[in-house]
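Have a look at the structure below, then the notes.
Chain letters run A, B, ... following the sequence lines, proteins first and then strands; every chain starts at 1.
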Amino acid sequence: MIKALLARFHQGHRTAPFPEGPVNVPDRLRGAPALDPAKCPDGCRECVDACPTGAISAGASPLQLDLGRCLFCTDCTQACPQGAITYTPEYRLAVRRREDLRVEGGRALQLAKALDEKALKLFGRSLKLRQVSAGGCNACEADVNVLNTLVFDLGRFGIQFVASPRHADGLLITGPASKNMELALRKTYDAVPAPKIVIAVGACAISGGPYIDHPEVLNGAGALLPVDLFIPGCPPHPFTILDGLLRLLGRIEEGRPKGP
Amino acid sequence: MKKAASPGFLGANGVAAPTRDIPSSSIGEFAIALVDHVSSGRRVSALFAEPDGPSLQMTAVLSDDAFNLVYLLRTRLDDPVFPSLTPKCPQVHLFEREIAEQYGVRPEGHPWFKPVRFHRSWRPGRDAWGRPDASDPVVGVTDFYRVEGDEIHEVAVGPVHAGVIEPGHFRFQCHGEEVFHLEISLGYQHRGVERALPGGPTKRSIHMLETVAGDTTIGHATAYCENLESLAGCRVPPRAQALRAVALELERLANHTGDLGALANDVGYLPTASFCGRLRGDFLNLTALLCGSRFGRGLVRPGGVGFDVDAGRSAEFLKRLDEAERDVRNAVELLWETSSVMARFEGTGPVPKSVAEDLGLVGPAARAAGLNRDVRHDHPSGFFRYSHVPVATWHTGDVFARAYVRWMEIQSSIAFVREQLQALPGGGLRAEVGPLAPNRAAVALVEGWRGEVCHFVSTDPAGRFARYKIVDPSFHNWTALAYSLRNQQISDFPLCNKSFNLSYCGHDL
């Protein structure tokens with residue numbers, strides 16, 4: 001017993017002061033991309049051809065990048081001789097509408113707005129989620145699960161992953177929605193009492209990710225269910241996920257935490 | 001007197017050879033040779049088929065751990081039925097079911113003949129179960145094994161589980177608390193990885209390989225890149241090889257640390273559970289310090305690595321590694337000193353050595369049962385040819401052994417990573433990978449944190465992938481989890497499951 005207590009002293013206090021304190025993300029994190037279409041030579045499609053998931057459109061139309069498909073792999077930046085696309089370490093990426101993930105040069109990402117007043121009254125101080133992996137590779141799942149550790153301490157925000165959909169206010173879905181999970185995903189959704197919310201985490205759950213248009217998948221959760229929050233990434237950083245959840249609950253607004 | 005069967009083509013990890021050099025024999029001779037190999041101590045690393053005109057070519061990859069050799073055997077499957085090898089060689093049981101499901105041939109006499117991933121046959125009009133083409137198989141619907149008798153009851157769990165975890169279906173046959181039998185039925189994560197790879201490499205291939213099992217990004221990406229490099233005759237710069245090895249060990253460190261925390265959680269010992277949850281993240285963050293991604297996305301690339309480490313980054317890395325080592329020791333050693341933890345670990349979920357050998361187990365699950373097998377030692381590739389890692393084994397085969405082997409590996413991986421970072425070789429990061437040689441075959445073996453990652457590749461006359469076979473270590477080991485539950489309490493399932501911590505997506509592909 002004394003050893004456990006000594007270990008407790010040794011390990012110290014490790015919970016990150018989020019959202020009010022400084023956020024430690026890796027300096028090489030590939031977060032929000034910055035697009036500079038002014039650098040694109042006429043008709044150039046190098047980035048479009050390099051992108052593994054068809055996330056970029058350019059050439060005939062203005063340069064546009066769909067973060068819902070983006071793997072943040074930088075194959076485009078390596079292909080672009082002009083440096084028209086760069087990835088910044090900006091970790092805040094969650095949005096409420098699918099179309100808000102399509103970014104263009106000179107336009108800031110429309111980060112997620114809070115749920116409406118009625119929904120906030122229900123979920124704002126206590127949100128219970130059931131996680132469903134539908135073809136996920138266990139990277140998104142792992143970085144969702146890590147929110148339960150003492151570093152992120154999800155419970156202090158009133159958010160909890162629960163064991164049964166019957167106890168849940170919504171689903172958090174990862175993976176490209178494999179056809180073999182279609183029935184289970186629908187049943188799980190139906191088992192959640194209304195009103196309910198759906199959160200899609202990662203490129204797979206938003207668009208199919210590296211598995212877009214495989215006949216074995218449905219190209220993401222949106223094919224089956226109405227999605228209320230999109231958190232892009234492959235996988236998203238845990239702070240990206242946490243930031244998205246807190247924005248949905250109105251706990252962070254305009255880039256700053258909201259007071260208690 | 002029995003005619004001696006051809007031992008097959010002799011190769012090694014990471015060596016490409018002309019496909020025509022792999023001798024093809026009749027199915028009878030193939031079976032004799034395979035059984036001879038296995039009874040001489042070799043392991044089946046892979047067994048798979050690929051189309052060859054209207055018929056099929058079946059290939060076995062056999063690893064000789066003692067002599068650092070890989071044997072390749074082939075046979076043609078012209079008929080819709082072939083004699084099952086499983087009765088004589090249990091470790092091919094799942095491979096044969098996989099071949100049947102993919103190509104619609106039936107291994108006659110297979111004792112456990114059921115679908116693996118519940119998808120349609122890749123050859124229209126041929127189905128091993130005689131199902132019509134138009135109907136998609138329904139995942140999880142199969143003839144589950146049943147025990148009958150007074151007071152026998154069945155417990156069905158999944159596909160959606162209680163935790164934040166991937167889906168799979170588990171069917172227990174119980175007598176009270178005691179489990180007589182557990183059957184595991186997977187396939188829910190199937191997303192068509194192997195089906196999509198022939199004709200490649202394409203711009204999407206590396207990204208699919210990095211997500212075969214997201215927690216083994218480095219393991220699978222390394223095997224894939226080693227295959228491309230051996231087919232293209234590309235020499236990877238030593239600095240890149242060292243960084244790949246560092247990343248592979250960081251992957252092991254993060255997952256082993258997380259697993260020890262999760263094992264502590266499953267026996268209700270919260271201090272270590274809580275500390276290791278954080279420390280797992282510290283190791284992931286070391287990978288992110290190298291490449292920006294906690295899972296190593298973008299780090300391993302054909303020809304080398306995508307990121308370099310300068311002196312400042314290296315110093316920061318080593319400082320954080322020292323802190324993590326100190327804290328992980330402090331957290332994990334509590335387990336071995338706490339009798340309530342040891343009482344739950346010891347004797348739970350045993351897998352005897354002979355069973356581990358028969359099932360062809362790999363990784364910590366095999367080493368915990370006393371099998372001395374580790375690809376880093378037996379078939380070293382990349383930087384493991386120059387810098388060695390001791391093989392950690394234990395003899396009891398129970399939850400404790402699987403936990404303790406992880407702890408021994410954590411310690412040796414930290415020492416390895418530190419040694420490499422302190423003396424990184426100079427030179428470039430990435431070599432050009434030219435066109436792939438046509439009509440060649442290559443095997444890449446990598447010791448991922450769960451065990452052997454085996455990738456086989458063959459090229460067509462144009463130098464494109466003809467077949468790309470992926471074997472995640474979980475494919476070998478799922479059966480061992482089912483075995484470990486025999487005569488155990490059903491309430492020990494989470495503990496046994498966590499002690500293997502196998503991949504669903506790596507199995508389902």
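- Of the two parts of Arg294(B), only the side chain, counted from C-beta on, holds a non-hydrogen atom closer than 4.5 Å to a non-hydrogen atom of chain A.
- When each of Lys187(A), Gln131(A), Gln78(A) is scored by its heavy-atom pairs under 4.5 Å with chain B, the top score falls to Gln131(A).
- Proximity to chain A is absent for every atom of Val138(B), based on heavy atoms less than 4.5 angstrom apart.
- Chain B is approached within less than 4.5 Å, heavy atom to heavy atom, by Asp49(A), Ala50(A), Cys51(A), Pro52(A) from residues 49-56 of chain A, ordered by number.
- For a residue to count as touching a neighbouring chain, one of its non-hydrogen atoms must lie under 4.5 Å from one of that chain's; by this rule Val25(A) does not touch chain B.
- Under a 3.5 Å cut-off, the side chain of Asn180(A) and the backbone N or O of Gly187(B) do form a donor-acceptor pair.
- Top candidate by heavy-atom pairs under 4.5 Å with chain A, chosen from Gly506(B), Gly292(B), Gly281(B), is Gly292(B).
- If you measure heavy-atom distances from Glu333(B) to chain A, you find no contacts under 4.5 Å at all.
- Side-chain atoms of Thr211(B) and Tyr211(A) form a donor-acceptor pair, as typed in the model, at a separation below 3.5 Å.
- His207(B) approaches Asp75(A) most closely through the heavy-atom pair NE2-OD2, 2.8 Å.
- Proximity to chain A (any heavy atom under 4.5 Å) is shown, for Phe118(B), by both the backbone and the side chain.
- Using a 4.5 Å heavy-atom cutoff, the side chains of Phe275(B) and Arg8(A) are in contact.
- Contacts between residues 254-267 of chain B and chain A, counted as heavy-atom pairs separated by less than 4.5 Å, involve no residue at all.
- Atom CG of Asn138(A) and atom OH of Tyr504(B) lie 9.5 Å apart (nearest 0.5 Å).
- For the atom pair NE2 (His237(A)) and OG (Ser293(B)), the distance works out to 9.5 Å, reported to the nearest 0.5 Å.
- Of the possible polar contacts, one joining the Arg130(A) side chain to the Ala162(B) backbone as a donor-acceptor pair under 3.5 Å is found.
- Looking at Ala142(A), the atoms closer than 4.5 Å to chain B (heavy atoms on both sides) sit in the backbone and in the side chain alike.
- Summarising the geometry of Pro159(B) relative to Met181(A), their closest heavy-atom pair is CB-SD, 4.3 Å, with the distance given to 0.1 Å.
- Contact between Pro235(A) and Arg297(B) at its shortest, heavy atoms only, is CD-NH1, 3.7 Å.
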Side chain to side chain contact (heavy atoms under 4.5 Å, CB included) between Met208(B) and His214(A), intermediate numbers included: CA-CA 12 Å; Met208(B) 280 197 269; His214(A) 277 205; 3.7 Å; yes

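- Looking at Asn330(B) and Gln11(A), their side chains do bring a donor and an acceptor atom within 3.5 Å of each other.
- Looking at Thr149(A), only its side chain comes within 4.5 Å of chain B, counting heavy atoms on both sides.
- Proximity of Arg28(A) to Arg313(B): side-chain heavy atoms (C-beta onward) are separated by under 4.5 Å at one or more points.
- Options Ala196(B), Gly306(B), Pro167(B) differ in how many heavy-atom pairs under 4.5 Å they form with chain A, and the most are formed by Pro167(B).
- Rounding to the nearest 0.5 Å places CG of Asp215(B) at 7.5 Å from SG of Cys137(A).
- With a 4.5 Å cut-off on side-chain heavy atoms, Arg204(B) and Ile212(A) count as touching.
- The parts of Leu29(A) that come within reach of chain B are both its backbone and its side chain, each placing non-hydrogen atoms under 4.5 angstrom from that chain.
- Counting heavy-atom pairs closer than 4.5 Å to chain B, the top-ranked of the candidates Asn145(A), Val217(A), Leu172(A) is Asn145(A).
- Closest heavy-atom contact between Thr188(A) and Val160(B): OG1-CG2, 3.6 Å.
- For CD of Glu432(B), the number of neighbouring non-hydrogen atoms (other residues, nucleotides, ligands) closer than 6.0 Å is 12 at most.
- In terms of modelled atom types and a separation under 3.5 Å, the side chain of Gln189(B) and the main chain of Gly136(A) share a donor-acceptor contact.
- Proximity to chain B is absent for every atom of Pro165(A), based on heavy atoms less than 4.5 angstrom apart.
- Proximity to chain A (any heavy atom under 4.5 Å) is shown, for Ile206(B), by neither the backbone nor the side chain.
- Taking CG of Asn148(A) as the start and OG of Ser274(B) as the end, the distance is 11.5 Å to the nearest 0.5 Å.
- Environment of CZ in Arg156(A): crowded, with over 12 heavy atoms of neighbouring residues, nucleotides or ligands closer than 6.0 Å.
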Pair Lys179(A), Asp136(B) - check salt bridge (charged side-chain N to carboxylate O under 4.0 Å, His left out), show working. CA-CA 10 Å; Lys179(A) 278 196 180 152; Asp136(B) 274 321; 5.5 Å; no

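- With a 4.5 Å cut-off on non-hydrogen atoms, Glu182(A) does not touch chain B at all.
- For Lys203(B) against Val48(A), the heavy-atom pair with the smallest separation is NZ-O, 3.8 Å.
- Across Gly135(A), Gly31(A), Pro26(A), Gly208(A), the residue that shares the most heavy-atom pairs under 4.5 angstrom with chain B is Gly135(A).
- For the options Gly233(A), Ala139(A), Gly209(A), Cys234(A), heavy-atom pairs under 4.5 Å to chain B are most numerous at Ala139(A).
- Ranked by heavy-atom pairs under 4.5 Å with chain A, the first of Cys276(B), Ala288(B), Gly298(B), Gly158(B) is Ala288(B).
- The backbone N or O of Cys291(B) lies less than 3.5 Å from a partner atom in the side chain of Arg30(A), making a donor-acceptor pair.
- With respect to Glu216(A), the side chain to side chain donor-acceptor pair (under 3.5 Å) criterion is satisfied by exactly one of Arg117(B), His119(B), Arg195(B): Arg195(B).
- One distance of note links CG of Asp27(A) with CD of Glu316(B); it measures 9.0 Å at 0.5 Å rounding.
- With a 4.5 angstrom heavy-atom cutoff, Tyr269(B) touches chain A only via side-chain atoms.
- For the atom pair CD (Glu166(B)) and CD (Glu141(A)), the distance works out to 5.5 Å, reported to the nearest 0.5 Å.
- Heavy-atom minimum distance, Ser178(A) versus Tyr188(B): OG-O, 2.6 Å.
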For Arg14(A) and Asp327(B), what are the C-alpha separation, side-chain angles and deciding distance, and is it a salt bridge (charged side-chain N to carboxylate O under 4.0 Å, His left out)? CA-CA 12 Å; Arg14(A) 300 288 183 163; Asp327(B) 291 353; 3.2 Å; yes

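- Looking at Ala331(B), both its backbone and its side chain come within 4.5 Å of chain A, counting heavy atoms on both sides.
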